[in-house]
Amino acid sequence: MKNQIFYCVLFVLWGFCAYTGKAQNIFPFQNPDLSFEKRVDDLVSRLTLEEKISQMLNKAPAIERLGIPAYDWWNECLHGVGRTPYKVTVFPQAIGMAATWDDALFQKVASSIADEGRAIYHDAISKGIHEIYHGLTYWTPNINIFRDPRWGRGQETYGEDPYLTGTLGKAFVNGLQGDDPKYLKASACAKHYAVHSGPEISRHFFNTEVSMYDLWDTYLPAFRDLVVDAKVSSVMCAYNALAGQPCCGNDLLMQDILRKQWKFTGYVTSDCGAIDDFLKHKTHADAAHASADAVLHGTDLECGQNIYVKLVDAVKQGLITEAQIDESVKRLFMTRFRLGLFDPADRVKYADTPLSVLECDEHKALALKMSRESVVLLKNDNVLPLRKNLKKIAVIGPNADDSTVVLGNYNGFPSKVITPLEAIRSKVGKRTQVIYDRAIDCVKPSDEKTLNALIERLKGVDQVIFVGGISPRLEGEELPISVDGFRGGDRTTIALPEVQTELMKKMKEAGLPVIFVMMTGSALGIEWESQNIPAILNAWYGGQFAGQAIADVLFGDYNPSGKLPVTFYRSDSDLPPFGAFSMANRTYRYFKGEALYPFGFGLSYTMFDYSVPQVVSGGKIGEPIKVSVKVKNIGKKDGDEVVQLYLSHEGVEKAPITALKGFKRVYLKAGEEKTLSFEISPRDMSLPDDNGIITVFPGKKTIYAGGMSPTPEAKSKGLVKSSVCQITGDAYVIR
């Protein structure tokens, strides 16, 4: 009896030590000298069926008898650690970061986000906190293709192009997951897999039908880049169905492509509630069948409604075996082991990250740099940059002094946000009077008498800076709002809200000098503004330093270099139906009309000249093509240029009109010239056939180099140079 009491006390003490990180190596899974595989096998072998299933929920409970602490898998870091009570650095919204076309900066930013996440996690567990938004498994990045500007959650993406999305996504994953050969700094997640880009209001039951060509040409390349090249540790399957099967239980996506072709070994989480959506899709009889089928297809973790508790019934009914459940549980614990969550702190490279990294000077400097590089100068009729000694400046508009709009969605909260109004005031001298008036709401009509009084008040100012656009409160994740132009988180029109255009018309009629600064998460239809307002900046939702970045550009302390990651169309009439997922006439790659501002467009306060790109080597079967191009700053100001390389196929039916295949950001002093080299791989030269087989076809391929996509208008103005190379021989298969 005494021995029994002794061992019971010993076990309780060991369990307590396990929570404090001081447990002895009682079981093999606690031995850090063993391989992760052996430790995971040992741990899972000790779990009951019910315990295994409990670990497949995003809010995984503690298993006290083994000293396994609770863990909540759900965390966000879209552009900074999101939804946390800690004060953190907030970078521009994802679509704004994409406008930098700066993959090196992306990696640094993601690494800094992981540092802040590490500090938060270790501080939280030291206080016994194991709650949502405190873990190290981040469900970021969103690499869905922004196929239609009406999609509200498009602001979370890196734009409309597969190559740009894949390149920036890989950089973000590499930064977030770190460079340690054994441990992950944090776990990244490629979402939402796949063919998921609105409408938000029907995403829980919508079935997408796309051709194999569109699937492989547009919707899958970025996922392949992150899974195969960047070794992303997690994938999130989407709400919608594809070809009649829910994405989280889809034969083609989950079994054939993800696990078999791409050999993905990480864990898959459902989007939150996506397994319950099996019943909305009416593809499964009940919860037991739905949960079993999701796991059999490789969905390891359920976020949401706890439908996976029905896996116990599914095993009893013979719908799935416990051994099949083990596969998912092992993948989940492998991720936790790779994060070092079961190892002593002195073994894990990232375990000693202090809270002092939160909003440290280095991270804030990165946020400001990202905000500056994200600003896109759309128009400038010799108005910008402004003089700092103007006598009177009026800063007006719904976004001029709103400290929340710049934070986007899925955001964290910094200690301080700099609004445009605040930054402009600090930029000018004491003799410059700055007056402010919110004037109007983003959407709601305003009183005519009030607007007329505002116009009178503005007479005599040297410059009006109107800061408008839209707001993440109007576009986003299933927002329960329906106002003119917005519905259920999406937009019903791409037009700038009419109240803003009407105010700018009144100001123009009154002879007021107006500059338009837009904040938005997507492309806006601003044709009147582009014809009538002499200077337009697109500033997205620019993060905590949005105001400073805008003021730096307005007054010439920073030479703008942002480029559009999406096409700015003229009007709704340019767009196919929102619910159609065919890429016909969508994005710059297939749009046959004339864009208002094309993909890749963005002006500077200087000018750059390009030589005709030269094919240095390659062109034979299976070889990459190496291309060089000279770029010269022919203006009077130093500045950054984003050199873009595009490829077009001649005589290949269904091929994109043109497609991005390379880009490099380069800093050039006034008068400086540099030669840049690019390599176009066989995969970059390939296209899918109707069966999804990736093939390099013979024939001419035209290579363009310039500062924007090679639209007919750009070519007619001499803004794009071109060279032609010949691919000889028979077609050959990449995949």
Side-chain angles (χ1 to χ4, degrees), residues 95-96 99-101 149 372-387 393 395-397 399-400 420 424 462-470 494-497 500-501 503-505 507-509 511-520 522-540 542 546 549-556 558-571 574 588 593-608 635 637 639-642 706-709 711 713-714 716-720:
I95 192 67
T100 69
W101 293 57
R372 284 170 169 164
E373 289 188 8
S374 72
V375 176
V376 182
L377 178 60
L378 295 177
K379 184 180 179 182
N380 185 24
D381 289 347
N382 296 316
V383 173
L384 298 175
L386 297 173
R387 291 185 291 110
I393 296 174
V395 183
I396 67 171
N399 292 335
I424 290 168
D462 296 293
Q463 187 65 62
V464 176
I465 302 172
F466 176 72
V467 188
I470 51 179
I494 65 170
L496 181 71
Q500 297 184 43
T501 299
L503 176 56
M504 282 187 274
K505 285 181 177 179
M507 290 190 289
K508 178 178 171 58
E509 290 169 1
L512 296 170
V514 180
I515 293 169
F516 181 27
V517 177
M518 289 191 297
M519 292 183 183
T520 175
S522 55
L524 291 173
I526 53 168
E527 187 158 22
W528 183 88
E529 288 76 11
S530 70
Q531 293 175 359
N532 293 276
I533 302 298
I536 303 174
L537 289 184
N538 193 55
W540 314 101
I550 290 167
D552 287 345
V553 171
L554 288 174
F555 290 95
Y558 180 79
N559 190 350
S561 59
K563 303 288 186 178
L564 293 178
V566 290
T567 300
F568 270 51
Y569 302 95
R570 295 180 179 277
S571 68
D574 287 330
Y588 81 96
E594 184 179 327
L596 183 62
Y597 297 109
F599 175 86
F601 178 81
L603 298 175
S604 169
Y605 293 152
T606 190
M607 295 185 66
F608 301 94
K637 292 181 179 291
D640 283 6
E641 171 69 325
V642 178
M708 60 192 294
S709 59
T711 62
E713 182 182 18
S716 69
K717 294 180 179 179
L719 298 176
V720 177

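Worth knowing before you read on, the calculation uses all heavy atoms, side chains too, and leaves out hydrogens, waters and symmetry mates.
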### Query
Step by step, would you call Met518 with Leu378 a side chain to side chain contact (heavy atoms under 4.5 Å, CB included)?
CA-CA 10 Å; Met518 289 191 297; Leu378 295 177; 3.7 Å; yes

### Task
Measure the acute angle between the ring planes of Trp101 and Phe599, then classify it against the limits of 30° and 60° as parallel, tilted or perpendicular.
tilted

#### Entry: Contact summary for Ala99 and Val376, nearest pair of heavy atoms
CB-CG2, 4.1 Å

### Task
Would you mind checking if Glu373 and Lys563 are paired as a salt bridge, meaning a charged N to carboxylate O distance below 4.0 Å?
no

### Task
Specify the closest pair of heavy atoms between Arg372 and Ala549, including all atoms of both residues, with the distance to one decimal.
N-CB, 3.6 Å

## Note on the structure
Between Val566 and Ala523 the two heavy atoms that sit nearest each other are CG2-CB, 4.2 Å

### Message
To the nearest 0.5 Å, what is the distance between OH on Tyr558 and CG on Asp640?
### Response
5.0 Å

### Atom pair OG/CZ of Ser522 and Phe568 - distance to nearest 0.5 Å
7.5 Å

#### Entry: Atom pair OG/NZ of Ser604 and Lys637 - distance to nearest 0.5 Å
9.5 Å

### Query
Nearest heavy-atom pair of Asn399 and Ile470: which atoms, and what distance?
ND2-O, 3.1 Å

### Query
Among Val464, Leu496, Asn532, which residue meets the side chain to side chain contact (heavy atoms under 4.5 Å, CB included) test with Met504?
Leu496

### Task
For residues Leu377 and Val553, determine if any side-chain heavy atom of one lies less than 4.5 Å from a side-chain heavy atom of the other.
no

#### Entry: Derivation of the side chain to side chain contact (heavy atoms under 4.5 Å, CB included) call for Leu386 and Ile515
CA-CA 10 Å; Leu386 297 173; Ile515 293 169; 3.7 Å; yes

### Query
Run the side chain to side chain contact (heavy atoms under 4.5 Å, CB included) check on Leu524 and Glu529 step by step: do they pass?
CA-CA 11 Å; Leu524 291 173; Glu529 288 76 11; over 6 Å; no

### Query
Looking at CG of Leu596 and OH of Tyr569, how far apart are the two atoms once the value is rounded to the nearest 0.5 Å?
12.0 Å

### Query
Atom CD1 of Ile526 and atom CZ of Phe516: how far apart are they, to the nearest 0.5 Å?
6.0 Å

#### Entry: Heavy-atom closest pair, residues Pro149 and Ile494
CG-CG2, 3.7 Å

### Query
Considering the options Leu384, Ile550, Ile424, which one meets the side chain to side chain contact (heavy atoms under 4.5 Å, CB included) requirement together with Phe555?
Ile424

### Query
Hey, is the main chain of Thr501 close enough, under 3.5 Å, to the side chain of Trp528 for a donor-acceptor pair?
no

### Query
If you look at every heavy atom in Ala400 and Pro420, which pair is closest and at what distance?
O-CD, 3.3 Å

### Query
Do Phe601 and Thr567 have side-chain heavy atoms sitting under 4.5 Å apart?
no

### Task
Report yes if the side chains of Pro565 and Ile95 come closer than 4.5 Å at any heavy-atom pair, otherwise no.
yes

### Message
Apply side chain to side chain contact (heavy atoms under 4.5 Å, CB included) to residues Lys379 and Tyr597 and explain how you reach the verdict.
### Response
CA-CA 10 Å; Lys379 184 180 179 182; Tyr597 297 109; 4.0 Å; yes

